[in-house]
Amino acid sequence: MKGFKIASFALLAMAALSACSDNKTEQVAQKDVEPQQQKQQQKVMPEGLQTYSAEAFYETKSIFGSSINHDGTAVLVSNDESGVFNAYKYPLDGSAPTQLTASTDDAVWVTSWFPEDDRILYSSDQGGNELSHVYVRNLDGSITDLTPGDKHRAGFYGWHEDKKHFFVATNERDQKAMDLYQYSIEDFSREMVFENTDAMNLSTISDDGRWVVLQKVLSNRDNDIYLVDLNSDDNALIHVTPHEGYVSHSVYTFTPDNKKLIFGSNGEGEFQQAYSYELETGEVAPEYAADWDVSFFYYSENGKYRVAGINADSQTKLDIVNTETGAPLVLNGLPEGDLRGVSFSDDEERIVFYINSDVSPSNLYTYDIEAASAKRLSNSLNPEIQESHLVSSEVVRFESFDGVEIPNLLYKPHKASADNKVPGIIWIHGGPGGQTRKGYNAVIQHLVNHGYAVLGINNRGSSGYGKTFFHLDDKRHGEDDLQDVVYGKKYLQSLDWIDDEKIVVMGGSYGGYLTMAAMAFTDEFQLGINIFGVTNWVRTLESIPPWWESFRDALYDELGDPAVDKERLTRISPVFHGDKVQKPVLVVQGANDPRVLQVESDEMVAAIRANGVPVEYVLFDDEGHGFSKKANRITAQNAYLDFLKKHL
């Protein structure tokens with residue numbers, strides 16, 4: 001199970017206000033890559049083009065997880081077929097999957113099989129409150145909560161190479177700090193192996209249980225990596241990344257022999273590249289480079305294969321090589337799409353992975369390396385929906401108000417033409433610092449299928465395009481990034497198949513904030529759809545959860561310190577400017593959201609209503625920052641479409 005390294009809570013915190021909570025990788029706007037106005041590709045109209053209901057789109061299964069069990073016969077996944085994510089066992093011979101958990105309320109996020117039997121580890125929170133616990137499903141089907149309690153969160157941090165222990169971190173001692181515990185697989189007894197007294201970000205631990213990796217955030221563009229040798233007497237911090245100026249670092253993995261740490265740095269350019277740090281000597285050397293950010297880097301169980309992921313212009317490109325020969329591993333006979341979640345069996349003879357594209361949700365595959373043959377294990381798309389009736393996105397770019405080039409994904413409905421103009425929706429991702437990426441998105445596909453063009457904008461401040469581009473919106477939120485959205489409208493209006501009088505702005509989390517900012521601070525858009533968006537930056541930044549404490553300074557550095565920048569934060573917070581909203585708005589909110597509190601949406605709705613402007617409010621009592629239940633996703637999706645039809 002080498003290479004299975006848990007994404008740290010740090011990555012969540014840096015995207016604390018994101019619906020997707022993507023890691024803030026840092027990349028730069030590419031000049032002269034595409035013409036300002038791209039000629040639209042000629043498309044052949046699918047025969048008998050159909051529109052599908054939200055229920056049809058969400059009849060599609062969402063699945064993820066790629067842990068292979070000890071004997072190489074099955075893979076562990078989370079699947080929402082029941083309406084709520086539960087754990088499933090998918091046999092690698094292609095036979096029918098077996099449901100392992102039966103939650104009807106809280107989503108089950110699978111983590112791993114046990115190394116020598118078919119027990120499983122998974123995590124789950126309570127109604128979206130993000131206070132996740134770590135659970136074991138025992139062989140008899142009973143469930144054990146390894147981290148009981150109601151005010152702390154926990155996460156799995158990997159297996160010990162002895163296969164008798166595993167690591168879990170919790171903030172039960174101090175809500176601001178994640179301490180690391182080693183658990184026995186026999187009776188689940190535990191001992192603390194690292195007390196995080198400095199409340200630094202706990203990143204990972206080596207498979208031999210010796211080296212703990214910590215990250216210290218200095219600002220939103222500058223951080224450091226430290227090691228602690230648990231075999232030492234004093235647990236002194238070892239500085240891995242001394243540097244001058246602003247440099248962002250990330251942690252990838254340890255080498256299988258536990259002799260080197262592989263980490264990322266953008267100190268030599270715009271993009272995160274991989275470096276190795278030799279644990280005994282402290283020697284640093286380049287390990288892997290690409291023309292874009294290196295998003296992840298890991299090894300198979302015994303190190304025979306190395307996997308690198310590159311975030312190439314909103315699409316993940318994989319580079320898998322045989323470390324013994326240096327030859328690339330070429331996977332034959334696969335459909336088009338991005339490979340995701342690549343995982344190797346313990347004997348390194350088989351792999352499992354997902355293939356995902358704009359028109360096809362993730363489907364699970366297994367691949368026999370020696371036989372060079374693939375087997376598909378899932379059929380995720382509702383069979384009533386034809387892929388040819390869905391739409392692939394096109395990467396387009398436009399120049400914003402100051403000449404900065406803005407990358408986007410454009411979805412053009414099949415029936416759109418100069419003779420059949422369609423409304424346009426600007427879709428704004430979460431963050432700040434998220435990225436609109438290629439891949440299946442039921443929300444977007446449903447809207448496009450019903451005749452709405454969608455421009456998925458990567459406004460300045462988005463990850464994926466270099467550190468310069470990433471930091472262009474620092475303490476300029478609601479200003480320069482909002483102008484990018486306005487210029488996105490101008491771009492859509494330049495297309496002869498867009499109805500330039502019917503352009504809508506829509507987004508979730510930080511995208512919901514920019515949606516409300518667009519409706520309050522401009523008169524450019526006909527409608528706004530705000531999905532759990534921040535509307536009061538003062539309150540949001542004053543109510544940062546304790547477990548994001550190590551990132552407080554970084555968030556303040558990017559967005560502003562409410563003790564210092566209250567005037568500006570008030571000026572850019574839509575809730576204080578509801579009287580300026582002149583066009584209809586739909587607000588969608590989860591009552592258990594710990595990031596964007598319900599009171600923000602309550603107050604925003606009240607402010608708009610006081611202005612006499614139509615506003616609709618959909619509140620889910622059993623959701624947090626995002627919708628984990630299929631029924632709620634359908635309700636929200638129908639609300640989007642009904643709102644558009646009613647007011648547009």
Side-chain angles (χ1 to χ4, degrees), residues 1 4 55-124 135-143 331 333-335 337 339-347 349-357 359-369 371-387 440 442 628-631 633-634:
M1 297 183 184
F4 178 62
E55 289 78 3
F57 271 96
Y58 285 104
E59 190 63 28
T60 292
K61 302 180 187 69
S62 297
I63 60 175
F64 63 88
S66 55
S67 174
I68 303 175
N69 64 353
H70 66 104
D71 59 5
T73 60
V75 60
L76 178 66
V77 310
S78 286
N79 182 327
D80 69 348
E81 184 175 3
S82 68
V84 176
F85 280 103
N86 273 287
Y88 286 75
K89 175 181 179 179
Y90 273 68
L92 296 189
D93 63 8
S95 55
T98 302
Q99 185 172 339
L100 300 178
T101 61
S103 176
T104 58
D105 298 311
D106 299 324
V108 169
W109 314 114
V110 299
T111 302
S112 174
W113 297 101
F114 274 58
E116 294 180 333
D117 60 56
D118 276 358
R119 288 177 289 175
I120 68 168
L121 286 165
Y122 69 87
S123 65
S124 186
Y135 299 87
V136 174
R137 181 190 184 273
N138 300 295
L139 294 177
D140 62 2
S142 62
I143 304 298
L331 305 179
L334 301 177
L339 268 69
R340 303 178 175 183
V342 176
S343 181
F344 289 79
S345 60
D346 289 351
D347 60 13
E349 294 179 358
R350 304 191 77 169
I351 58 178
V352 296
F353 52 86
Y354 294 91
I355 296 180
N356 182 291
S357 72
V359 299
S360 177
S362 292
N363 275 300
L364 182 64
Y365 286 78
T366 182
Y367 193 89
D368 186 311
I369 296 175
S373 63
K375 182 187 296 289
R376 180 169 169 170
L377 302 179
S378 71
N379 293 286
S380 298
L381 187 64
N382 181 352
E384 295 179 7
I385 297 178
Q386 297 184 44
E387 284 188 15
Y440 186 78
S628 63
K629 298 176 177 63
K630 187 177 291 189
R633 280 175 263 159
I634 292 170

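Sequence positions, counted from 1, serve as the residue numbers for this chain.
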Taking the side chain as C-beta and beyond, is there a heavy-atom pair between Leu339 and Tyr367 under 4.5 Å? no
For residues Ser103 and Asn86, is any side-chain donor paired with an opposing acceptor at under 3.5 Å? no
Please work out which of the three classes, parallel, tilted or perpendicular, describes the rings of Phe85 and Trp109, given edges at 30° and 60°. tilted
Hey, does the side chain of Asp140 reach the backbone of Ser142 with a donor-acceptor pair shorter than 3.5 angstrom? yes
Name all residues meeting the side-chain contact (heavy atoms from CB on, under 4.5 Å) criterion together with Ala371; count only those two or more places apart in sequence or in a different chain, and write none if there are none. Asp368, Ser373
Tell me whether Ser62 contacts the main-chain N or O of Asp80 through its side chain, where contact means a donor paired with an acceptor under 3.5 Å. no
Counting C-beta onward and ignoring hydrogens, is there a side-chain heavy-atom pair between Tyr365 and Leu331 closer than 4.5 Å? no
Which residues share a side-chain contact (heavy atoms from CB on, under 4.5 Å) with Ala74, sequence neighbours left out: Asn69, Lys89, Trp113
Residues two or more places apart in sequence or in another chain: which of them pass side-chain hydrogen bond (donor to acceptor under 3.5 Å, both in side chains) with Gln99? Tyr88
Parallel, tilted or perpendicular for Tyr122 and Tyr135, by the 30°/60° rule? parallel
Do you know the tightest heavy-atom contact between Ser360 and Asn363? OG-ND2, 3.6 Å
Could you name each residue pair satisfying salt bridge (Lys or Arg N to Asp or Glu O under 4.0 Å) that touches residues 91-108, not counting sequence neighbours? none
Non-hydrogen side-chain atoms of Leu139 and Asp118 separated by less than 4.5 Å: yes
Which residue pairs satisfy the salt bridge (Lys or Arg N to Asp or Glu O under 4.0 Å) criterion with at least one member in residues 57-75, sequence neighbours excluded? none
Any side-chain heavy atom of Val136 within less than 4.5 Å of one from Ile143? no
If we ignore hydrogens and angles and just use 3.5 Å, is the side chain of Ser378 paired with the main-chain N or O of Leu364 as donor and acceptor? yes
Does any non-hydrogen side-chain atom of Val110 lie less than 4.5 Å from one of Leu100? no
Taken in chain and number order and not counting sequence neighbours, the residues that satisfy salt bridge (Lys or Arg N to Asp or Glu O under 4.0 Å) with Arg137 are none
For the student: nearest non-hydrogen atoms of Ser628 and Ala107, plus distance: CB-CB, 4.0 Å
Student check: side-chain heavy atoms of Thr366 and Val352 closer than 4.5 Å: yes
When every non-hydrogen atom of Ile385 is compared with those of Ala56, the smallest separation belongs to CD1-O, 3.6 Å
Is Glu349 close to Ile369 at the side-chain level, that is, under 4.5 Å between some pair of heavy atoms? no
Ser357 and Gly337: which non-hydrogen atoms are nearest, and at how many Å? CB-CA, 4.1 Å
Is the backbone N or O of Gly341 less than 3.5 Å from a side-chain atom of Ser66, with the two atoms forming a donor-acceptor pair by type? yes
Does Asn382 reach the side chain of Phe57, with side-chain heavy atoms less than 4.5 Å apart? no
Return the CG to OG distance between Leu381 and Ser362, rounded to the nearest 0.5 Å. 11.5 Å
Starting from the C-alpha separation in whole Å, work towards a yes-or-no answer on side-chain contact (heavy atoms from CB on, under 4.5 Å) for Asn79 and Ile63. CA-CA 5 Å; Asn79 182 327; Ile63 60 175; 3.5 Å; yes
Between the CD1 atom in Ile68 and the OG atom in Ser343, the distance rounded to the nearest 0.5 Å is 4.5 Å
Roughly how far, to the nearest 0.5 Å, is CZ of Arg350 from NZ of Lys375? 7.5 Å
Report yes or no: does Ser78 contribute a side-chain atom to a donor-acceptor pair with the main-chain N or O of Ala87 at less than 3.5 Å? no
